[in-house]
Amino acid sequence: MTIVLIRFYDCGAMYLCVCKAVSERTARRAIREQGVVSLRELSRSHGVGTCCGKCVPAARELLEQELSSCTSALSSATLTLAGGVAAVA
């Protein structure tokens, strides 16, 4: 299977879904700011994967990357906050 990503050199954006013209930047923003946590939610909000489906593997990978980075950022922020606070059992 071949995944095709088109890069726009003028703005630095890369299409995640060519059929629906959804860029990686748009998808990442949806995950970070709109709370999208699944491919189904990304499909409903932006149409990713609803046409030819060739973007689905790349969309799943992007979701995994963003969710893992959000989780690790959240856990490190929690550790920083917990560093000055006594743990309550």
Side-chain angles (χ1 to χ4, degrees):
M1 176 188 303
T2 302
I3 298 173
V4 178
L5 297 174
I6 299 172
R7 179 174 294 281
F8 283 94
Y9 292 100
D10 58 340
C11 64
M14 188 180 289
Y15 272 132
L16 174 66
C17 178
V18 176
C19 298
K20 297 294 181 174
V22 178
S23 68
E24 279 189 11
R25 183 179 300 155
T26 300
R28 289 181 196 280
R29 188 175 298 135
I31 296 164
R32 292 177 186 160
E33 298 174 7
Q34 298 171 1
V36 170
V37 294
S38 69
L39 183 59
R40 178 174 285 176
E41 290 177 359
L42 194 58
S43 295
R44 286 181 180 165
S45 63
H46 292 85
V48 172
T50 60
C51 202
C52 75
K54 289 185 179 180
C55 62
V56 171
R60 282 195 178 121
E61 185 177 335
L62 185 131
L63 270 163
E64 288 175 16
Q65 289 172 356
E66 283 301 309
L67 293 175
S68 68
S69 70
C70 289
T71 303
S72 57
L74 179 61
S75 64
S76 64
T78 303
L79 289 174
T80 303
L81 289 174
V85 178
V88 178

[atom1] of [X] to [atom2] of [Y]: how many Å apart, nearest 0.5 Å?
X: Glu24; Y: Cys17; atom1: CD; atom2: SG; value: 12.0 Å
X: His46; Y: Gln34; atom1: NE2; atom2: CD; value: 5.0 Å
X: Leu67; Y: Ile31; atom1: CG; atom2: CD1; value: 6.0 Å

Under the side-chain hydrogen bond (donor to acceptor under 3.5 Å, both in side chains) rule, collect the residues that match up with Thr26, sequence neighbours excluded. Ser23
Show me the pairs that pass salt bridge (Lys or Arg N to Asp or Glu O under 4.0 Å) and involve residues 32-42, at least two apart or across chains.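 Sorted pair list: Arg32-Glu66.
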Where is the tightest heavy-atom contact between Cys51 and Cys19, given as atom of each residue plus distance?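 Where Cys51 meets Cys19 most closely, the heavy atoms are CB-CB, 3.6 Å.
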Which atoms form the tightest heavy-atom contact between Ala59 and Val48, and what is the distance?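 It is CB-CG1, 3.8 Å.
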What I'd like to find out is whether the side chain of Leu62 reaches to under 4.5 Å of the side chain of Arg28, using heavy atoms alone. yes
I want to check something: taking the side chain as every heavy atom from C-beta on, are Val22 and Leu42 in contact at a cut-off of under 4.5 Å?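 The answer is no; the side chains never approach within 4.5 Å.
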